Amino acid sequence: MKILRWLLTRLAGGLFVLWAVATLVFIGIRLVPGDPVEAIVGGPGSQAGPEAFALARAEYGLDEPLIVQYGLMLANLVRGDLGTSYSLKVPVAEAVSEQLPGTLALALLAWGLAWLLALSVALFTALATGPRLSRVADAAGSGLEIFAAAVPHFWLGSVLVLVFATSLGWLPPVATDSPAGLVLPVATLALPLAGFLGQVMRESLATALASPFALAARARGESETGVVLRHGLRHAALPGISLSGWALGSLISGAVVVEALFARGGLGRTLLSAVTLRDIPLVTGVVLVSALTYVVVMAAADVVERLVDPRLGTTTATRAAQPDLAAGGGRP
Amino acid sequence: MTAPTPAPLVDVRGLTVSFGGGAPVVSGLDLSVAPGESVALVGESGSGKSVTARALLGLADGGRGGGRARVTADAFRIAGHDLRGRDGRVAAPAGLWRRIRGGDVALVLQDALTSLDPLRPVGREIDDALRLHTRLSPTGRAARVRELLAAVGLSGDGTDTGALRPGALSGGMRQRALIAAGLSGAPKLLIADEPTTALDATVAARILDLLADLRAPADGSPAAGMGQLLISHDLAVVSRVAEKVLVMRAGEVVESGPTAEVLADPQHEYTRMLLAAVPAGKPRGTRLCLPGATGTTAPPPPAARATPPAPAPTPATAAGAAADPALEAAGLVKMFTRRDEAGRAVAFRAVDDVSFSLAAGTTLGIVGESGSGKTTTARMALGLTDPDAGRVDLFGAPFAGDRGDGHPVAEAARRPRRPQLGAVYQDPLSSFDPRMSVGALLADAVSGGRTRRAGAHRRRIGELLDMVGLDAGASARHPRSLSGGQRQRVAIARALAPGPRVLICDEPVSALDVSVQAQILDLLDDLQRDLGLSYLFISHDLAVVRHVSDQLLVMRGGRVVESGETEQVFSDPQEQYTRDLLAASPALRAAAPGD
Amino acid sequence: MSAPRTSSTGSRAGGRTRAAASSAASNLPAVAAAAVVLFLAAAVAAPGWLAPADPLGIEPAAAFSAPGPGHLLGTDESGRDIYTRIVHGARSSLTIGVAATGVGLGLALLLGVPAGLTAGRRGRRVHPRWVDASISRVLEVLFALPGLLLALVFIAFAGPGVTTTVVAVGLSTAPGYARIIRTQVLRLRDAEMVQAARVLGRSRTRILLGHLLPNALGPVAVLATLGVGQAVVWASALSFLGLGAPPPAPEWGAMLSAGRTYLSVAWWMTVFPGLAIVAVAASATVLGRWMQRRAEGVSA
Amino acid sequence: MQNSRWRAAAPAAVVLASALALSSCSGGTTDTVPEEPVSGGTLVYASGDAEPTCLDPHVGGNYPQALVASQFLETLYTKDQDGQIVPWLASGADVSDDGTTVTLHLREGISFSDGTAFDAAAVKANIEHVLDPETGSSTGYLAMQKVESMEVIDPATLELGLSAPDAALFESFTQTWNAMMSPAGLERSQEENCAAPIGTGPFVVEDWARQESVSLTRNDDYTVPNPEATADPSHTGPAYLEGIEWRFIPESATRYSALQSGTVDMIDNAQPDSIASAEQSDAIEHLDAPRPGASNRIELNSSKAPFDDARVREAFVRSVDVDAAVDSLFFGTAERSYSPLSSVEPMGYSDESLFGYDPDEAARLLDEAGWTERDAAGYRVKDGERLSVHLPISTNQSVPAEQSLFEQLQATAKESGIEVTTELLDLGSWYGALGEHEYDLVSAPYTKVGPDVLRILFHSDSTEPAPSGYFANHAMVRDEGIDAALEDASSADDEAERASLYADVQAEVLEGYYLLPLYDQQNHFLHSTSLRGIGETTAVATPTFHNAWLAD
């Protein structure tokens, strides 16, 4: 009953988001000066005649009244038809579904690596006890994280290529089918995220380890490792989970750059070329898919978060009381 | 009182703790606890009592290592282990500490949701010590966890309490779970640090009973002959449980001895001051601060110095009860919604048909446990929350709620009359704009919001500060840099600035140490006398309410269960709930002449 | 906040020692961050004083000079001095970052304040609850278009350029700020401080302008500091993708983008502008955290 | 019979041919080191050009399409090792005396990779496809637009009726944009044909993973139509390589490091610095194949102020130091051009004297033209107007070194008081800016085989924008004399007459300072030394891999 209610609310919210995104984009196109048809026929070297214009206009339904176009778009959306790309001349749904797996794989690997790195650093600094060591570990961890979080993907990727591909020759500088070809793109995507996650996780871990329940555990004779693993870990993971939506955003934004840098096919590269070519249906398609992914990820994060932290299951009030985290972050 | 004990559980002499090379926070403390004995360590904030408790377990720095805490002692024996190193520092291998912690000695911290991991089922927390200190099989441990839950009164009604997380438990249940977690390692000594501070009086009383039961074992009790070390700021709590008491101030024990002796015949000035400050059993109008005794924060207000202790009731309190009411409420109702287990919104009455009348120049006390609707009632009286039914009159004219024609009084209509009604809150700091200095706060209040420059109203601000016993220099300071008592004085000064005739005080002393509480209560008393103020005084603390009120309202679950003249209610409670409250309210057993 | 009614000996000692430890450890980064900020301030105010040469002045003969005494950080493909360009680029890069943050904050205020004021908890009839409901929906939608994506979509419509970059980056940071402003306003709206002001007879407008907004914006200022760093990174990412500031303007992202072409012959063209961006973002973080810690110290 | 004319070498062509495209380092290796080619292996080729949106070069028709399509499509004619236009899928042609009827003779026994026979009907279908507006051909269409009628005489003979004599027709036939595809393939929807055009070439399209790569596999039934025109006439069967993975790596630095690391075997659009560093390397070789058609140049919009004044145009040309920029930016990989045409075009005409860097002369000309004042920023002013010219740059069409070059020109022009404002635009916006005449300077590449490109670039008809807003005569040259000369040249049947007419036109536009020639359209390739048998290109200078093989 409760689950069903929750699912329905989620579903409605997700549908709303998708509808709103589609509508926003639709309005956006019409607000922009200039004829979208130019983008269709204005491909490289094009010297299209009026027939071509009329043809394209009819083909893309741009000769209908706006309200009809809008209705058509929604009707098509419902059927899963995202329209036809201006530049690729193929159905957007096809183009996007072709590119989605590659980006998802990249993002998931990067996400995993980021978590691994962030947790490792957090645990390492938490377990580094003793007067000097803990201070050094703390400073090093925090410095690394701040640096990593501040590094732009495009620069990190360039420098990694310079060092590991050009100078050392250990790894291919472009994405290849072999696992080695994934290392640099994934690392480029993961490191800044790891820096950011590390900051919140370490903070949360430190708070947990300084909290009375950790003291209580120590007072029961628990070793420091036991305290960290049995109590700290879950608390460290929580903000990471609740920042999933943010992380996804960072990964998608990063994918645009990383896929361009490492010449890897994917949604990011598709989006970038769609943006430069002003291929509005394709932009809309990528945006919708990313919004859909966001909705799914948020729902999943919500489930996981409730599993880890049953406090959230009880009332909406406690949820609202959760602090908003970090710059530009937060979640609905 | 107790017979000489062969092997004390705690034998510590000359314990000194300092952090990061600073001044010691505990110095030269001697402490011994025998098996089966209950010893209390009493002191106000910052006296070093909690640090002492932790130092006994090698956790003075919270257990995070770092070596900033320096703990030395002339003798340091815990449960038979001598843990004193050659250089006088308390030191032991980590493994030995871990055997002692939870095994020989259990530490139970105050609750406030934080001492149990909110993400783990309480059963797991109780299991921890079993896992660490016994060789029981997992099934054996599970059985033991159930036994322990039963022992602390957490079984019954069929639910598996051990599987619940702390968030699903009430405050009292959490405290019980925490005690069970402490007992699971079958410790010889239980250290309880403020075990009842965050609890409502009736719940706290039951916890204290539980602790007492554990020490005076019935058959099959898990910890027969267990020693207890109780840490508290509350002398009343201590007087109820402990056989021996140590009074701490600023890291030193100023007085120690059998509880009854210390309470009955305090030798040290500080102990005397503490005892005097306890409002329980002190009649209305009795000064709580001893003349000449200095508090931990500010000197007593000038009014207090000028006025001799006046046991006689003021004229207002004697006769004014029936005279024209300053503040009157009739049939106040406030509905709130909350979600039930299925997530549906359910309406409930947070305040249900509450009426009262506050006579001019008197104090009306409202007492009740958390969730009883006291604060909502105060908010409605202040015109901050519109009642769903009923009305509030201020000096005979409608102030909030139904203004007589079915419409609520509008804020715009109320605003000009607001200067007549002031408010003092539990946490003064959060009621101040954090960006404003004391002077700015007062200037803002004095000028009706027209200026925040203290210079514009220097004379009036000086008067206000003087009235509440602060010197004029406080004007330039920021509330953050003041002590809790000083902040509350500023809050009172601000409330007085517009010249109100009625003050609504919502738990004004709940966050304060007892000596500071005494000063504030005295100050309120003086101000009432000097300015002819009427108080609506809200508190969960029966002793405080009894001390300050002429009339009393007992609330429970949004309803008024009993009301009347304070002394009458206390001496002859009509309702069972009132009697329970009274019974649960800790009182100084040894020194309660009023009883 | 949940239980102010407790004796305060317990947790506070631990917190204090932890704060002391972390402040000791964070002194060095704070000093470094302050140095970076000072340098940037000087670069923005008087670039010519730090680097007298012309950032656009070419010297083909000196193209691709490695870092050395003549050219501290080397030269680019047209013989322009990288150090000079980084110093002069500070103004445009930071202006874009600050302006974008300003746009984001402005939008966020427009969305967050009404939402926070109308977020219905007590069912007040005075406040139209739908305002918060619809604004929250809008924010949810914007959140579903994260960061660079929103900026890219905006650019798809409006075309590339500096102004677009500013608006695009501002737009994509706005939802984050708006949520925080909403939370702040919501929290403060029912705070005792506001109650106290109402009891003293202050009007709604006065409370909003005199107490609510100034205090709500405090934490937002911290985030905005962090945000400027992020905005600089994003704006440079757009320049890097060829959608931001056009060359030959010494904008860091554009410099980096140009430098990448010559990565194998002139690493300094890529590395140093990148380091400038990292320095800004990292010191914004350090500074923001420092402000945050100070603010927490204020409210604790 | 005049078909022999197309086999006869013009003297100029012979001279130039030796300095041609094929002067690559590796071009010689196959000759000097006789090694036995190894069969097998997949070549990984990384293209820096934009990924085509359609692999059928009839659709649209740009250089990236030609690059990849050259691997699986073939043309009726081609250029041989000496730069001569020779028949390829065709075996020869007869042109009627009035020049309006062309009879094409086709080779027999050739079939498309889908099994369809290559015959007259197929050629007819292809030319119809190019001319069909629905195809949306632009480059191919312009080349074929004089074809009015086609008649299949027999399977090996096709007769074309032209609306006017077209001296450039056979040059057009060499272009990949007019390559032959299987009629059966053309029958499919455009979407399908775009994804995998079916040709006669040595490779076939296996799969196209968009945004990433096109997989090509060997056409095992391939036979070389005209072995005499190839570097190894003895190799007539299928290619040595099993396949080609045609990747798209737009980032030039990434592309080069991919080559260095051995992830890819060959890259195009090699940047000058990469080439320079490759010259030092033993593992990488350089192939320089300038594109035919126009040279890379900046055109000056003469239709509006300030460049409607020839003195100002000359002043601008004199004020910019192109040589210094080319020297510093191109590492000696580009040679300065003083001609509207590519150095591979035999009929190119050069005049170096017109283009020296001479700020004094520029100053004199500007003073003369009335730009005498200077404003605070040091720019020249006339009637309160700053001497400011706008240069929109297409990010898709200009390599980084070229953008740097523009920046340097901008900097040197400033010294003469001319403000050059640049604007980086995506292709769509760039076309838009041109269509709106929002430019004073522009650099637009145009690749076409033969000097007929001059007609497209400088005939006044080309000043009229197509509906898309695009027009090729960016300099806005409107000169009846030039128009007449171009038309005459187009239908001239004598090579010498044609050459002289084209020379006149070129002299005319150069002296009018309508354009500032920079260098040949850069077309540099780098490949690892293990890739052998490299160096052959099509007429449009795209590399072919029939003779290429991978050494161990």
Side-chain angles (χ1 to χ4, degrees), chain A residues 13 16-17 20-21 24-25 28-29 31-32 134-135 138-139 142-143 146-147 149-155 158-159 161-162 166 206 210-212 215 245-246 248-250 252-254 256-257 260 271-272 274-276 278 280 283 287 290-291 294-295 320 323-324 326-332, chain C residues 10-11 14-15 18 21-22 24-26 28-29 136-141 143-149 152-153 155-158 173 175-177 179-180 183 223 226-227 229-230 233-234 236-237 240-243 253 256-257 260 263-264 267 270-271 274 277-278 280-282 284-286 288:
Chain A
F16 171 81
V17 166
V21 168
L24 274 180
V25 173
I29 305 165
L31 287 181
V32 174
S134 78
R135 213 170 312 151
D138 212 51
S142 137
I146 290 177
F147 182 79
V151 165
H153 290 119
F154 53 91
W155 186 70
S158 305
V159 172
V161 165
L162 184 66
T166 312
S211 69
L215 178 64
W246 183 90
L248 178 80
S250 147
I252 290 179
S253 306
V256 174
V257 170
L271 177 67
L272 186 59
V275 167
T276 36
R278 293 215 180 169
I280 302 296
V283 172
V287 165
S290 127
Y294 178 84
V295 169
D324 272 288
R331 62 211 168 83
Chain C
S11 57
R18 201 164 63 82
S22 61
S26 64
L28 193 72
S136 297
R137 293 292 97 161
V138 170
L139 290 183
E140 203 167 310
V141 171
F143 268 116
L145 302 177
L148 207 55
L149 194 65
L152 282 174
V153 170
I155 287 171
F157 291 137
T173 52
Y177 296 132
R179 271 182 60 76
I180 289 149
T183 316
L223 289 174
L226 297 169
Q230 202 57 41
V233 170
W234 281 3
S236 56
F240 175 79
L241 294 172
L243 300 170
L256 210 162
S257 175
R260 251 194 66 74
L263 193 58
S264 56
W267 54 266
T270 305
V271 169
I277 295 171
V278 173
V280 168
T285 309
V286 173

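Fair warning: this is a prediction, and the values are worked out from it, not measured in the lab.
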Less than 4.5 Å to any heavy atom of chain A: does that hold for the side chain of [X], its backbone, both, or neither?
X         : value
Ser236(C) : both
Leu256(C) : side chain
Thr270(C) : both

So which of Ser257(C), Ala281(C), Gly274(C) has the largest heavy-atom pair count under 4.5 angstrom toward chain A?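 With the most close heavy-atom pairs to chain A, the winner is Gly274(C).
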Is any side-chain heavy atom of [Y] closer than 4.5 Å to one of [X]?
X         : Y         : answer
Trp234(C) : Thr173(C) : yes
Trp155(A) : Val271(C) : yes
Phe154(A) : Arg260(C) : no
Trp267(C) : Thr166(A) : no

Considering all heavy atoms of both residues, which atom of Pro152(A) and which atom of Val233(C) are nearest to each other, and what is their separation?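 Looking at all heavy atoms of both residues, the shortest contact is CB-CG1, 3.7 Å.
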Select one option (side chain, backbone, both, neither) describing which atoms of Val295(A) are under 4.5 Å from chain C's heavy atoms.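 For Val295(A), there is no contact with chain C at all, as no heavy atom is under 4.5 Å.
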